[in-house]
Undergrad: 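Take a look at this one; I'll ask things after.
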Amino acid sequence: MKVLCVAEKNKISKSVSASLSRNNFQSRNTKSKYVKNYSFRFNFPQWGDCDVIMTAVSGHIMQKEIPSDYGWGKVPNDSLFKCPIVTRYGDDNAKKIAENISELAKSSDVLMIWTDCDREGEYIGWEILKAAQEGNSSFTLDNVYRARFSHLESKHIYSAACNPVRLDKLAIDAVDTRMEIDLRTGYCFTRLLTDSFRNVIKSDSVDDDNNNGNSTKNKKKNDKMISYGNCQFPTLGFVVDRFRRIKYFKEEEFWGIDLNLKKDRKKFPFIWERNRLFDRLQTVCIYQNCINEQSDNVVVKHVSTNPTTRYAPLPLTTVELQKDCSRYFKFSAKDTLQVAENLYTKGLISYPRTETDSFPRSMDFRHFITMQTASSEWGEYSSSLLNETNHKFRVPRRGKHDDEAHPPIHPVGYADNLTGKEKTIYEYVVRRFLASCSLDATGSMTSIKVQWATETFHSTGLVVLERNYLDIFKWDHWDSSKKGLPNVAVGEHIQISDATISSGKTAPPQPLTETELISLMDVNGIGTDATIADHIDKILTREYIIKQKLGSGKSSKEVFHPTILGYGLADGFGKLGFNNISLTKPFMRKDMENDLADICQGSKPKGQVLKETLDVYRDAYTITDEKVSTLVNAYKTALNHSRS
DNA sequence: GCAAGGTC
């Protein structure tokens, strides 16, 4: 029997080949530079000793497209809601990969799909089946095998090979639905917006004066692209929302009581339990009452000291990596992913696109920690984790997310010759990994409550007892309180040093940081770990948002503001009066995700979801088209406001 | 010229 195995990427096909063949496999180049064919023998329980060829694709092979008959300007925009959709090869390389599969399929008796165990992986499996059918029409959904695996440990891979299932047609339907909705709505709204803003906004990069816009060719070239995407717009919405909260923020004055106590010739500040009141008179009355009743001392009501813990970090996911690299190093999410990919291809870290925050049970932590003992910076710490007598090592905590395809990001090789961003991110991944293998930090928290007439005040103080992971994860700060607490007992009277009424004003929120934006997208299901950075980058290049440095020195950070165009678009879409929907909020995407889950469950057919969803977008399109002047005017208003 | 999702 001849068995053809196909993985989602070469890396996996090589690793699976090595596991199944016990490192006894031959490798051949293909026409695609990303893919190799590996051959070996394997004894499958259902077919006996087989000749196996294992190859891979490189992500999706095919791409959905609007047919050229429905090109820009050739048809009414809304015909894109019902026009046929064609699929073609993503690029030349994808075609070579598909041909490699068709060719191999000709002489194969069995086809086994080894794509990632997620929705997209199921769909890529379907694309692989289609390519195989070109060469061997006997392969169908009913006889193709699908290996289910969630990591690359040999035993697990062996078991996956021996217990294959079928491709999940429902998951394939779900992905197909998402693709169709994104394509139709994206193209349709993009054409409308770009055409509507044609004479209102000019691209910066062209010489407008020399071009009167008569030539279609020049028109295209000079147009500013105003793209719409089901992820782009909610992303823009997050930035605009924060901007609005700042813009319309009304500051309020508040009052409080500052109390300083005196003991052993030292002063200790205490915090009012009511924190602050927005009523000056009430604050003054309370203050006067305290002074009158008990003018020079307070009574200690409560003293407690409790152990407290600061948890070592969870195993690292893509989104966490991007958030921390933005926060600590000011790297954009896109740069971070790019650099992490370089480190991955150099064999230094594991696959950098993962949602999983718990390591496989069989993970050999010692192996990966041992590698790091060579470092002059963290080698000593790594050795101390390995030292059995001091019990510094612990199996990392387990998070609740599992993409069932990749383990958390961790170092898999050692290097000390890296420079620039690669050095920084590698060090981060290593320290984070070592930290997750370290004990939690411990401390003791003392809390004192005192009573001054009717009012209660408190103060807390932290003493860090064991730093543990903090020693290696240097970006996390948890320090003993500098001020300390007075040494007091319950019932004791303490002298008041001074008590004053303070006042302040509420402050507006800060503009959105990239860390916050990534979090918002992540929790709202806008994009995936692999695409969140792309969506942010896209609306930056479309000039819907800009990045700005806020503050100076060590505390400076980079934040996002909407541009006039971005604000105008979000504001304009808000004024169109859709029926209970918003294109700049994440809810439509969430609804669609729920529908896709229903398709996977079999509780809603693909056709129904497509129709219902596209109907909603089509209504929105019709309204946008009718009131497009409202949209343009919102932009003009924003422009005028910015000039005045 | 236009989306989002894979991967290099």
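Labels below follow one simple rule: chain letters A, B, ... track the order of the sequence lines, proteins then strands, and each chain is numbered from 1. Note: hydrogens, waters and symmetry copies are ignored here, and every other heavy atom, side chains too, is used.
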Undergrad: List the residues meeting salt bridge (charged side-chain N to carboxylate O under 4.0 Å, His left out) with A:Lys95, not counting sequence neighbours, and say none if there are none.
TA: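 Checked A:Lys95 against salt bridge (charged side-chain N to carboxylate O under 4.0 Å, His left out); matches are A:Glu99.
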Undergrad: Would a distance-only check, ignoring hydrogens and angles, find a side-chain to backbone donor-acceptor pair under 3.5 Å from A:His401 to A:Gly399?
TA: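 Not at all, since once roles are kept as given, no pair shorter than 3.5 Å links the two residues.
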Undergrad: A:Asp182: which residues meet the salt bridge (charged side-chain N to carboxylate O under 4.0 Å, His left out) condition with it, sequence neighbours left out?
TA: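 Residues passing salt bridge (charged side-chain N to carboxylate O under 4.0 Å, His left out) with A:Asp182: A:Arg178, A:Arg589.
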Undergrad: Check each residue of residues 602-612 of chain A for a non-hydrogen atom within less than 4.0 Å of any atom in DNA chain B, then write out the ones that pass by number, or none.
TA: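 Contacts with DNA chain B under 4.0 Å: none.
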Undergrad: At under 4.0 Å between heavy atoms, which parts of nucleotides 2-7 of chain B does protein reach? Answer with one letter per nucleotide, 5' to 3': B base, S sugar-phosphate only, - none.
TA: BBBBBB
Undergrad: So, A:Tyr34 versus A:Asn93: side-chain donor-acceptor pair below 3.5 Å or not?
TA: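 Side-chain D/A pair, A:Tyr34 to A:Asn93: absent.
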Undergrad: Could you work out, with ring pair (Phe, Tyr, Trp, His ring centres under 6.0 Å) as the rule, every residue matching A:Tyr89, not counting sequence neighbours?
TA: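 Ring pair (Phe, Tyr, Trp, His ring centres under 6.0 Å) check on A:Tyr89 returns nothing, list empty.
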Undergrad: Determine whether a donor-acceptor pair (N or O, by modelled atom type, separation under 3.5 Å) exists between the side chain of A:Ser15 and the backbone of A:Lys11.
TA: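 Answer holds: no.
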Undergrad: Test of understanding: with side-chain contact (heavy atoms from CB on, under 4.5 Å), list the residues that count as partners of A:Lys130, not counting sequence neighbours.
TA: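 Once residues adjacent in sequence are excluded, the partners of A:Lys130 under the side-chain contact (heavy atoms from CB on, under 4.5 Å) criterion are A:Trp126, A:Gln133.
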